[in-house]
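We count ligands from 1, going down the list as the structure has it; atoms in each ligand are counted the same way. Please read all numbers here as calculations on a predicted model, not as lab measurements.
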Amino acid sequence: MAEPLRICITGGAGQIAYSLLYSICKGDVFGSNQPLTLLLLDIQPMMAVFGRCSDGTAGLCLFLCYKVDIVSTADPKIAFKNIDVAILVGAMPRKEGMERKDLLKANAKIFVEQGKALNEVAKKTVKVLVVGNPANTNCMVAQLNAPSIPATNFTCLTRLDMNRAKAQIASRLGTRVEQVKNVIIWGNHSSTQYPDVNHGVVDLGNGPVSIREAVKDDNWLNGDFVKTVQKRGAAIIAARKLSSAMSAAKAICDHMRDWWFGTPEGEIVSMGVVSDGSYGLPQGIVYSYPLTIGPNHKWEIKQDLDH
Ligand code: NAI
């Protein structure tokens, strides 16, 4: 029997985690035969919520997955002990009228503390996905505070933006999202990102064609399409008074599954990673690039795309 993977989810009592636990327990990310130990971290006042949630989750796991053990704690050093994967969701969420940068002060100190705790007690091979906003900056803060872990093990979530961009194209063409491939998100998970369809393809039944060729409307692709993707997070908050949860959980699963098992042949995905200077960007910042991912969780930035 495989050894259990130790997976920590922070913000474990929050709304994204509530949607995420189901898919992880069901095996959507690490496979349904993979035993898991889930370590749920939240702040002390949320421990009462955990009592109820983890009972529910444990019950669910009996039905869904080979074997899942659950530990809930308010201590990062317990939550991060010997972990294989850290999904850092816990942070103050954005409210209506706030940009992600408004969260910086409140959230940076969480990621300093968590970076240090990862450095001290996590496996050196731990794969870290930062979701809490501002995600790129928080990822960089955590990474800089964990110098004993390779910088390539830190990523942040821009898959939600990529999924949103693909959904816009699919909806415009009346096809399924799965038929749209290789849309790129460059930059930050924020309204400054650039959703790029210039290398993307769509299959409308006769094999892949370029998205520009299929859509036949450059004004829309260069205008409303870009703005809609950039502002989608704010539109969700305006409508729900809460930020995206189920779509964020789905994007986390997509990101982690591709990182764990690799990308399909010929496909690129976008993730925020620590820049090595590719495409003329400063080294060390966390920037969303197009990646291919091979076996053993090794990603590479796709080079030489017109940009
Ligand atoms: P939520 O408020 O429902 O849950 C956040 C949880 O984090 C709460 O249970 C809170 O107690 C916990 N928390 C706060 N400080 C903590 C700490 N120091 N350690 C551990 N847990 C802590 O928020 P929600 O909706 O789950 O969102 C979480 C974060 O994800 C927010 O920052 C939000 O802006 C961000 N987000 C990022 C997306 C992305 O694509 N990168 C998409 C959607 C949301």
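- Residue Ala245 places every heavy atom at 4.0 Å or more from ligand 1.
- With a 4.5 Å cut-off on side-chain heavy atoms, Val85 and Leu5 do not count as touching.
- Residue-level proximity to ligand 1 for Leu160 is carried by the side chain, the only part with a heavy atom below 4.0 angstrom.
- Under a 4.0 Å criterion applied to the non-hydrogen atoms of Gly90, ligand 1 contributes the atoms 7 (O), 21 (N), 22 (C).
- Under the 4.5 Å side-chain criterion, counting only non-hydrogen atoms from C-beta, Cys25 is in contact with Leu38.
- Residue Met46 touches ligand 1 through its side chain alone, judged by heavy-atom distances below 4.0 Å.
- Put simply, CG on Asn136 and CD1 on Ile285 are 8.5 Å apart, with the number rounded to the nearest 0.5 Å.
- Between Tyr279 and Trp186, the angle of the ring planes goes over 60°, which puts this pair in the perpendicular group of the 30/60° scheme.
- When each atom of ligand 1 is checked for a heavy atom of Gly14 under 4.0 Å away, the hits are 3 (O), 4 (O), 9 (O).
- Atom 11 (O) of ligand 1 has its nearest heavy-atom neighbour, among Leu88, Asp42, Ile252, Leu41, in Asp42.
- Around atom 14 (C) of ligand 1, the closest heavy atom drawn from Ala91, Ser244, Pro134, Gly11 belongs to Ala91.
- Here Ile110 has side-chain heavy atoms under 4.0 Å from ligand 1, and that is the only part of it that gets that close.
- Residues Thr292 and Ile268 come closest through the heavy atom pair CG2-CG2, 3.7 Å.
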Side chain to side chain donor-acceptor pair (under 3.5 Å) evaluation trace for His189 with Asp161: CA-CA 7 Å; His189 171 62; Asp161 308 289; 2.7 Å; yes

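- Here Asp84 pairs with Lys123 in a salt bridge; the nearest charged N to carboxylate O distance falls below 4.0 Å.
- In this structure, Arg159 falls outside the shell of residues with a heavy atom less than 4.0 angstrom from ligand 1.
- Counting heavy atoms closer than 4.0 Å to ligand 1, residue Glu113 contributes nothing at all.
- Annotation for Trp260 and His297: closest pair O-ND1, 3.0 Å, computed over non-hydrogen atoms.
- Residue-to-ligand polar distances place Val131 within reach of ligand 1: an N/O pair is separated by less than 3.5 Å.
- Every atom of ligand 1 with a heavy atom of Ala13 under 4.0 Å away is listed here by number and element: 9 (O).
- Residue Arg232 places its CZ atom among 12 or fewer non-hydrogen atoms of other residues, nucleotides or ligands, all under 6.0 Å distant.
- Remark: Lys124 NZ is packed, more than 12 non-hydrogen atoms of other residues, nucleotides or ligands lying under 6.0 Å away.
- There is no side-chain donor-acceptor pair under 3.5 Å between Thr263 and Asp258.
- At least one N/O-N/O distance between His189 and ligand 1 falls below 3.5 Å.
- Ranked by closest heavy atom to atom 16 (C) of ligand 1, the top entry among Asn107, Ile43, Leu20 is Ile43.
- Counting atoms of ligand 1 from 1 in the listed order, those under 4.0 Å from a heavy atom of Val89 are 28 (C), 29 (C), 30 (O).
- Distances between N or O atoms of Thr10 and those of ligand 1 include no value under 3.5 Å.
- Remark: ligand 1 atoms within the under-4.0 Å shell around heavy atoms of Met92 are 31 (C), 32 (O).
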